[in-house]
Amino acid sequence: MPDPVTASGAPTGGTAVSPLLIRMQASDNVAIVANDGGLPPGTAIPGGPVLLDRIPQGHKVALVAIAAGAPVLRYGIPIGHALKDIPAGTWVHERLLQMPDARGLDGLPKATVQPAPLPPLEGYTFEGYRNADGSVGTRNILAITQTVQCVAGITDFAVRRIKAELLPRYPHVDDVVSLEHGYGCGVAIDAPDAVVPIRTLRHISLNPNFGGEVMVVSLGCEKLQPQRLLPPGSVAIADERQPAGADAVLDVVCLQDDAHVGFLSMVESIVRQAEGHLRRLNARRRETVPASELVVGVQCGGSDAFSGVTANPAVGFCTDLLVRAGASVMFSETTEVRDGIAQLTSRATTPDVADAMIREMAWYDAYLGRGGADRSANTTPGNKRGGLSNIVEKAMGSIVKSGTAPISNVLAPGEKLRAKGLTYAATPASDFICGTLQLAAGMNLHVFTTGRGTPYGLAAVPVIKVATRTELARRWHDLMDVNAGTIADGTATIEDVGWELFHLMLDVASGRRKTWAEHWKLHNALVLFNPAPVT
Ligand code: CA
């Protein structure tokens, strides 16, 4: 993990503030301005140039003269080449940079870095809900699976009734969640890539926070039939209604069944079925489990130049703590790690793991290519206003969330986690799609860093949001759970914030603390990744 090198000094040249610059590596020829509100022209940087331009907060300044065609170095790597001569003290923004081409996928180093094993971290526990399949939930939620969007309105109506009439009688159940989505019909269900949305929905139904209580609402005529979504054997139902040893019968309410006469009969049927599940969920109690039962998905969204300096390195430090504690951590967001592929393949535990990573990246390159796009489509106007010039710079700041542990497992989109340790779960970088796919993988806790600010949340798992800047943490004081801006302010270290996050995770996982998104009941829609055609 890069060690930020900060430079600050007394005000000079008539400026009112002490300039605070952050350079990630000694070889970098740019640094970012950390001061709230940026720095005016004429500011003298101690040991550096006098600023020629006003430099906004989070944006880069040339520390030395950079000749046309020379690399602009941040994180010790070229994030671009100068399109013209850049004098020292200039604001280095995207219009001055030519983005480097993506590295090819041939000849990558595979499992070449074999770091000394991280010392185990023992004795940390949380209070979780142990499931029959061995997984552990951090919340106790009844989820209602849907085969198709057509049933969303009626399911939502029924869920409102369940919450109003039944939930108060089952105080050990945290929530009732309708797994609404846009898939199920009007899609090329037999196209090879349809496996992605189908397995995603299947695996979300089996998320540890749902306690194995699977119930399905189906329309009847849809392409994604319940038996195709959850084939026999995919659901291990511990249900007193079914004889021991018998094949579990999926609990399905089918709206087109002849038995339903009128809307309220359908609603009644969903409410009645839900009650059995609520009763069993309500009988569950939290028990002390080792921290190794955490399954954490890390993600960023609304990134700025501080993401890769404060919040993401703190998350990376915490990732290492989790791996040392034997937990599972997933990092994702393919277009944001594509430019660091060589770092990642070299950190793979075996050449096979590296090959799996390359296979996922190649698949994604081809997917983007079919749509006439490439990885450069990732950066947003907000990223650029926040000081990120291009995807290379964004990627270097994003990858640090993965910490330093060896990468031991790779998941294709929608697959379920197979092993503990650090996993690269290939997903798009889209916040909603990444979160949805990490849910399918079995995530029971989500960590989300943001610099520009987003109120992102999920109904199924707690989302801990980490602000990259103190100014954002102050302004969004009742939306952000952790302020990593203290690292740029110089009042905390990466390690301090990493430990704070680790302890907060154990509290949130145990239900002792709620995240702000939970407090306000903010959650985004599930958004399936469907690379297959629609009809
Ligand atoms: Ca994202």
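Note that ligands are numbered from 1 as they come in the structure, with each ligand's atoms numbered from 1 the same way.
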How wide is the angle at the Ca ion (ligand 1) spanned by Cys300 O and Ala429 O, rounded to 10 degrees?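 Once rounded, the angle between the two atoms at the Ca ion (ligand 1) is 160°.
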Once you measure the plane-to-plane angle for [X] and [Y], does it fall in the parallel (<30°), tilted (30-60°) or perpendicular (>60°) bin?
X	Y	value
Tyr124	Phe502	perpendicular
Phe432	Tyr456	tilted
Trp91	His93	perpendicular

With the Ca ion (ligand 1) as the point of reference, which N/O/S atom of Glu333 is the closest?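 The nearest such atom is OE2.
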Which N/O/S atom belongs to Asp431 and is the closest one to the Ca ion (ligand 1)?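 The Asp431 atom nearest to the Ca ion (ligand 1), restricting to N, O or S, is OD1.
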Any luck finding a side-chain donor-acceptor pair between Asp320 and Thr404 under 3.5 Å?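 Judged by distance alone, the side chains do pair up.
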At less than 3.0 Å, would any N/O/S atom of Ser303, backbone or side chain, sit next to the Ca ion (ligand 1)?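 Ser303 does not place any N, O or S atom closer than 3.0 Å to the Ca ion (ligand 1).
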